[in-house]
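Read the structure below first, then the notes.
None of these values were measured; they are calculated from a predicted model. In the text below, chain A, chain B and the rest are named by the order of the sequence lines, each starting its count at 1.
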Protein chains: 2
Amino acid sequence: MRLQPRNGRAPSVKDVAAAAGVSLGTVSNVLNRPAVVSTATRERVERAMADLGFVRNESARQLRAGTSRALAYVMLDGGNPFFHDVAEGIETAAEDADLSLFVCNSSGRSDREAKHIDRLVQQRVQGILITPVDPDAAHIAEIGQRGIPFVMVDRLSQDGGHCSVAVDDVLGGRIAVEHLIDRGHRRVAFVGGPPSIGQVRERLQGARAVWAEFGMPEEDLIHLPTEALTVSEGRSAGERLAGLPTRRRPTAAFCANDLLALGLLQHAVTAGLRVPDDLAIVGFDDIDFAAAAAVPLTSVRQPRQELGRTAARLVLDEATNPEHVHEQATFVPALVARASSGTVRR
Amino acid sequence: MRLQPRNGRAPSVKDVAAAAGVSLGTVSNVLNRPAVVSTATRERVERAMADLGFVRNESARQLRAGTSRALAYVMLDGGNPFFHDVAEGIETAAEDADLSLFVCNSSGRSDREAKHIDRLVQQRVQGILITPVDPDAAHIAEIGQRGIPFVMVDRLSQDGGHCSVAVDDVLGGRIAVEHLIDRGHRRVAFVGGPPSIGQVRERLQGARAVWAEFGMPEEDLIHLPTEALTVSEGRSAGERLAGLPTRRRPTAAFCANDLLALGLLQHAVTAGLRVPDDLAIVGFDDIDFAAAAAVPLTSVRQPRQELGRTAARLVLDEATNPEHVHEQATFVPALVARASSGTVRR
DNA sequence: TTGTAGGCGTTATCAG
DNA sequence: CTGATAACGCCTACAA
């Protein structure tokens with residue numbers, strides 16, 4: 001392989017044509033409509049391409065085609081395995097459609113998110129999937145106004161102005177707390193925040209609803225707010241919880257996601273609380289690390305990969321189907337009971 | 001904002017020029033050398049760009065420039081938070097250089113890796129960072145032959161034919177096992193595989209070396225092979241370990257990475273082994289979940305973000321500095337002792 | 001079946 | 001500051 005034909009420049013179709021002794025159009029045909037070229041010429045051209053180490057220039061193709069052959073996913077928190085699993089689901093769908101997937105991570109920062117979106121628009125990606133920091137931010141609305149197909153992931157659209165996929169978070173909150181009531185718990189903590197995150201609000205809302213329906217006193221569902229949905233915030237919530245006087249201390253905690261639950265679990269063990277006997281714990285998302293915790297974590301399962309696949313399907317439909325109508329795909333969460341909420345009390 | 005000027009086509013510099021009543025060259029100047037344009041005209045042009053919702057077309061820029069303004073990282077296992085942290089380090093460096101970062105995930109599959117590389121070459125990225133499935137694969141060597149700057153991450157170059165960054169894995173194995181010997185363990189398991197993974201081989205090699213230096217009998221360092229470096233493989237190694245007769249069972253395990261260690265920890269707890277009293281555990285990488293485990297995990301720390309930042313620095317040097325010489329950046333791993341190896345025996 | 005011409009959007013250059 | 005023009009590499013007509 002001679003890989004640097006014209007002093008440093010990558011070989012172009014022209015170079016291939018020259019090397020193969022055919023015209024430029026023939027090379028293009030070999031690439032795009034191999035059927036119309038005679039076998040002999042085709043092989044000669046392919047040989048020349050291999051010899052030169054020819055690689056199509058994607059920017060030129062793109063410029064010509066007017067659009068790139070890529071999708072993008074902007075995720076909220078790359079440190080949370082949940083989003084990685086969603087991305088995997090998107091990627092399988094993108095692969096099936098022979099599209100690349102650009103994965104970006106806003107790390108919960110709106111400025112970074114806006115910057116990523118800017119770049120993606122410049123790249124003319126075919127569609128944007130996003131789990132937004134703030135679904136009402138101006139730079140989110142602009143995506144749709146630009147006519148770029150886009151789908152909100154893990155967050156339902158309020159106004160139906162675009163597609164979205166998510167589980168029913170209110171229901172998720174309900175089944176988590178109902179499970180704890182079932183297990184005999186009469187004093188439960190909800191661990192989660194900040195309330196600016198919609199998922200947190202809805203999971204809490206579901207928890208409160210079912211708590212009231214069972215006729216439990218409102219003050220016995222205790223909200224332990226956190227600054228973020230992270231392991232270390234879970235740990236600090238654990239400190240506050242362990243610090244409560246025994247008769248005020250909840251016997252169970254429902255955490256707004258698994259990272260919080262893992263942090264809480266860790267602090268509880270450190271503080272000498274037995275899980276689930278002294279403190280039962282339920283998380284949300286059912287990331288792989290939940291099942292892998294030293295006390296396997298009961299969690300509300302989201303169909304992570306399927307969320308991603310569905311989101312990709314919707315964005316592709318919007319990109320290709322002129323009859324497309326926006327769709328809010330809602331999935332039903334399911335409780336996965338493990339040891340951390342294991343025993344029935346009394 | 002009128003966002004669709006010419007029936008569906010995104011507005012171009014030409015449209016902006018027309019709208020602002022200036023020439024195309026002036027628009028280009030506003031974009032690329034704002035200093036040479038008078039304030040009044042510049043503002044008029046900027047106004048027109050905003051009105052039209054003009055966004056530079058990156059493919060056209062790229063075609064013109066001959067290279068994209070992006071770096072890429074192909075990681076080995078997106079499900080392992082270690083690689084996410086490395087990617088974060090790369091991204092900060094890329095941001096400083098005003099470059100985009102494309103993050104790809106081979107999921108340990110060589111075919112997926114090759115496909116990603118193909119795409120990246122077509123995109124004419126400025127450089128490729130990669131933690132390869134197999135450093136000797138043909139598609140890896142081709143990257144260098146193509147003249148694309150590239151750096152191997154978490155794996156040292158054997159022949160110096162390219163840059164690489166990694167910790168000293170042999171040393172990592174040494175300090176892990178020395179720590180266990182220190183703690184009084186005389187029968188230790190090494191959990192890890194497959195041996196096709198260089199990191200596994202070297203960590204084992206270090207473990208064996210220090211074991212011999214302390215005069216311990218070879219057969220008391222027991223290799224429990226695994227198929228992969230995952231939580232579930234760790235769990236299954238745990239089953240094998242717990243199944244051993246008590247007098248043959250190691251009192252400690254050194255795992256080739258933290259995912260294995262977390263899986264092993266989980267099974268140990270389930271099987272009724274106390275950690276660290278019945279079984280001490282040491283992992284490798286020191287991912288955040290290691291500290292967050294219910295029994296916080298002792299681990300050999302890699303400077304994850306710094307590996308990424310350094311790799312990015314090297315690839316940028318290769319891309320821009322004609323005097324560039326390949327460099328093997330080696331970092332020193334450090335033991336982080338936590339509860340999972342906590343007590344001194346006897 | 002092959003060759004040729006034009007254009008995608010951007011940037012750079014050069015003469016006014 | 002304008003206006004015109006060429007070039008990047010590819011693709012698709014259309015003509016031979």
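Among the heavy atoms of the strands lying under 4.0 Å from A/Thr41 are primed sugar atoms or P, OP1, OP2 only; no base atom is included.
Neither OP1 nor OP2 of C/dC8 sits under 4.0 Å from any side-chain N or O of B/Ser59. For A/Ser23, a side-chain nitrogen or oxygen approaches OP1 or OP2 of C/dG3 to under 4.0 Å.
Atom P of nucleotide D/dC8 and atom CZ of B/Arg124 are separated by 14 Å, given to the nearest angstrom. Rounded to an integer number of Å, the gap from A/Arg42 CZ to C/dT1 P is 10 Å. If you take CD of A/Gln123 and C1' of C/dT10, they are 15 Å apart, rounded to a whole angstrom. The distance from atom CG of A/Asn57 to atom P of C/dC8 is 18 Å, rounded to the nearest whole Å. Rounded to whole angstrom, the span from the NZ atom of B/Lys14 across to the C1' atom of D/dG3 amounts to 13 Å. Rounded to whole Å, the distance from CD on B/Gln62 to C1' on C/dC8 is 14 Å. For the pair A/Leu63 CG and D/dA7 P, the interatomic distance rounds to 17 Å; values are reported in whole Å. In this structure, B/Glu58 places its CD atom 11 Å from P of C/dT10, rounding to the nearest Å.
With sequence neighbours excluded, no residue satisfies ring pair (Phe, Tyr, Trp, His ring centres under 6.0 Å) with A/His116. For A/Arg61, the side-chain hydrogen bond (donor to acceptor under 3.5 Å, both in side chains) criterion is met by no residue, not counting sequence neighbours. With sequence neighbours left out, B/Asp118 forms a side-chain hydrogen bond (donor to acceptor under 3.5 Å, both in side chains) with no residue at all.
Rounded to 10 degrees, the angle separating the terminal helix axes of the helix from C/dT1-D/dA16 to C/dG16-D/dC1, each built from five base pairs, is 50°.
Annotation: side chain to side chain donor-acceptor pair (under 3.5 Å) contacts involving residues 309-318 of chain A, sequence neighbours excluded, comprise A/Asp317-A/Asn321, A/Asp317-A/His324. For the ring pair (Phe, Tyr, Trp, His ring centres under 6.0 Å) condition, no pair includes a residue of residues 29-53 of chain A, sequence neighbours left out. Applying the ring pair (Phe, Tyr, Trp, His ring centres under 6.0 Å) rule to pairs touching residues 140-162 of chain B yields B/Phe150-B/His162, sequence neighbours excluded. Residue pairs meeting the ring pair (Phe, Tyr, Trp, His ring centres under 6.0 Å) criterion with at least one partner in residues 66-100 of chain B, sequence neighbours excluded, are absent.
Comment: A/Glu88 does not engage A/Arg304 in a salt bridge, judged by the lack of any side-chain N to carboxylate O separation of less than 4.0 angstrom.
Each of B/Gly21 and B/Ala60 lies near DNA chain D, and the nucleotide nearest B/Gly21 is the one positioned closer to the 5' end.
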Heavy-atom contacts, protein to nucleotides 11-16 of chain D, under 4.0 Å, summarised as B (base), S (sugar-phosphate only) or - (none) per nt, yield BB----
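Here the straight-line distance linking atom CD of B/Glu95 with atom NZ of A/Lys115 works out to 4.5 Å at 0.5 Å rounding.
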